[in-house]
Amino acid sequence: LVRLRQRLAGSQSGLGRGLLALLSRDRLDEDTWESIEDVLITADVGVQPTQELVERLRTRLRVEGHADPRAILREELVALVDPDMDRRLQVTGSDGKPGVVLVVGVNGAGKTTTVGKIARILVAEDRSVVLGAADTFRAAAVDQLATWGERVGVEVVRGPEGGDPASVAFEAVKSGVERAIDTVIVDTAGRLQNKQGLMDELGKVKRVVEKQAPVTEVLLVLDATTGQNGLVQARVFSEVVAVSGIVLTKLDGSAKGGIVVQVQRELGVPVKLVGLGEGPDDLAPFSAEAFVDALLG
Ligand code: GDP
């Protein structure tokens, strides 16, 4: 939470403070409400959620008065971010088999980095982990994952450059099953050249994995700085594979934290983790309350 606060301080706590300053005005005229809408839309909260939020704020301030606008704003923002979603990572398999986490998303979103960071968290919890470098189309991605593996102290299964991603995924899970590993995390390729290609590729990865062990989590990694574009990507991926959780990266460099609200609505799945920097410890579980508190500063 402390880190979330610090990292958001420079970028988007301006959102919370800006809203609070506007709400604390003596007279909330139409211009002020328009400014409030502008602040929310600029932060990527989305038009529909913004209108709903403003409607609720207006009603509550009218009924409850202006004594504590901060408390009202906090409650309504937390409700908007949906505190009731189950945000726990599903990393535990069944019948003695490893849990398998597939990590998907477009190139550059932060997939490989996120795989490394998750491995680090699991290892710190005394779980055994194997990584699969199934992003075989980018040699750099495979090397990058191998570096993470060394850093965290876990095995990385890799195939030949340009090889079949599904066969790397297969080998990684096979190794996990044979060695009774707790969790296998598979870094997939993120070429979004066409939907059919992506569908074929991720579908095959999922099928070969499921022959050996349950896919317990499909995490979609999205770059928070890409705004509406990120939403379009999210839609494509969710049509291709059943996404179970979202990792929102680069929240440290973005003033657009409102994307959390939009992407959850769009996909109907929770943001489970947020990336707050490039370092190994810069990944945090997401909580609606902590997020809103960080926004409000
Ligand atoms: P991939 O192509 O999806 O596997 O993306 P990478 O993991 O290679 O990440 C792309 C770039 O984004 C790298 O320079 C990462 O260090 C950087 N990156 C990843 N996550 C974060 C984050 O949460 N914050 C910041 N600031 N940079 C990040």
Side-chain angles (χ1 to χ4, degrees), residues 1-13 44 89 101-121 131-152 154 156-159 161-162 165 168-169 172 185-193 198 201-202 205 217-227 229-234 236-237 240-241 243 245-257 259-260 263 271-287 290-291 294:
L1 175 58
V2 172
R3 199 161 66 235
L4 188 62
R5 270 214 178 109
Q6 285 166 351
R7 288 295 154 84
L8 292 176
S11 52
Q12 52 190 325
S13 64
D44 263 343
L89 271 192
V101 179
L102 298 184
V103 180
V104 306
V106 296
N107 288 339
K111 274 189 312 296
T112 306
T113 309
T114 298
V115 170
K117 290 173 179 174
I118 295 174
R120 190 175 154 94
I121 291 173
L131 304 182
D135 187 356
T136 55
F137 296 95
R138 290 191 312 142
V142 177
D143 290 341
Q144 198 186 330
L145 197 66
T147 305
W148 273 103
E150 277 166 32
R151 190 186 286 172
V152 178
V154 301
V156 178
V157 174
R158 52 196 289 179
E161 194 182 332
V168 176
I185 312 175
V186 180
D187 187 17
T188 67
R191 300 170 311 152
L192 204 56
Q193 79 288 44
L198 186 74
E201 194 167 288
L202 287 180
V205 166
E217 187 86 76
V218 179
L219 290 177
L220 172 63
V221 178
L222 285 180
D223 177 342
T225 64
T226 58
N229 207 356
L231 283 182
V232 174
Q233 290 165 17
V236 172
F237 274 93
V240 166
V241 61
V243 173
I246 301 154
V247 183
L248 207 54
T249 61
K250 310 186 196 183
L251 214 49
D252 50 309
S254 168
K256 303 200 173 270
I259 196 78
V260 168
V263 76
V271 172
K272 294 196 167 178
L273 298 163
V274 287
L276 299 165
E278 299 188 79
D281 293 322
D282 295 331
L283 186 73
F286 183 79
S287 117
F291 182 67

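Atoms within a ligand are numbered from 1 in the order they appear, just like the ligands themselves.
Under a 4.0 Å criterion applied to the non-hydrogen atoms of R138, ligand 1 contributes the atoms 1 (P), 2 (O), 4 (O). The L276 neighbourhood of ligand 1 comprises atoms 23 (O), with distances under 4.0 Å to a heavy atom of that residue. Of all the atoms in ligand 1, the ones that sit under 4.0 Å from a non-hydrogen atom of G275 are 23 (O). The ligand atoms of ligand 1 that sit less than 4.0 angstrom from a heavy atom of V106 are 3 (O). Those atoms of ligand 1 that come under 4.0 Å of a heavy atom in K117, given as number and element, are 23 (O).
Where the criterion is an N or O separation shorter than 3.5 Å, residue side chain and backbone included, N107 fails it with respect to ligand 1. Residue L251 has no N or O atom closer than 3.5 Å to an N or O atom of ligand 1. Close N/O approach between D135 and ligand 1 is not found [any backbone or side-chain N/O within under 3.5 Å]. Where the criterion is an N or O separation shorter than 3.5 Å, residue side chain and backbone included, Q144 meets it with respect to ligand 1.
Scanning all protein heavy atoms for the shortest distance to atom 5 (O) of ligand 1 gives G110 N, 3.0 Å. Counting only heavy atoms of the protein, atom 13 (C) of ligand 1 lies nearest to E278 OE1, 4.0 Å. Here the protein heavy atom with the shortest distance to atom 10 (C) of ligand 1 is G108 O, 3.7 Å. Among protein heavy atoms, the minimum distance from atom 24 (N) of ligand 1 is reached at D252 OD1, 2.9 Å. Counting protein heavy atoms only, atom 3 (O) of ligand 1 is closest to K111 N, 2.7 Å. Shortest contact from atom 7 (O) of ligand 1 to any protein heavy atom: T113 OG1, 2.5 Å. The protein heavy atom nearest to atom 18 (N) of ligand 1 is K250 CE, 3.9 Å.
Under the 4.5 Å side-chain criterion, counting only non-hydrogen atoms from C-beta, V263 is in contact with L231. The shortest side-chain heavy-atom distance between L198 and V236 falls under the 4.5 Å cut-off. Contact of the V154 side chain with the W148 side chain is not registered, since no non-hydrogen atoms from C-beta on lie closer than 4.5 Å. No side-chain heavy atom of V271 sits under 4.5 Å from any side-chain heavy atom of F291. The closest side-chain heavy-atom distance from I259 to L248 is below 4.5 Å. In this structure, the side chains of K117 and D282 come closer than 4.5 Å at one or more pairs of heavy atoms.
S287 places a side-chain N or O within donor-acceptor distance of the main-chain N or O of A290, the cut-off being under 3.5 Å. A donor-acceptor distance shorter than 3.5 angstrom exists from the side chain of T249 to the backbone of A109, with no hydrogens or angles considered. Side-chain atoms of T136 do not come within 3.5 Å of backbone N or O of E161 as any donor-acceptor pair. The backbone N or O of V106 sits less than 3.5 Å from a side-chain atom of K111, completing a donor-acceptor pair.
A salt bridge links D143 to R158: at least one charged side-chain nitrogen sits closer than 4.0 Å to a carboxylate oxygen.
Nearest to atom 22 (C) of ligand 1 by heavy atom, out of G277, A284, A189, is G277.
Within the structure, the closest approach of D282 to ligand 1 does not fall below 4.0 Å when heavy atoms are considered. Ligand 1 lies out of reach of T114, whose nearest heavy atom is not under 4.0 Å from it. No heavy atom of G105 sits closer than 4.0 Å to any atom of ligand 1.
Between A119 and L131, the shortest heavy-atom distance links the atoms CB-CD2, 4.0 Å.
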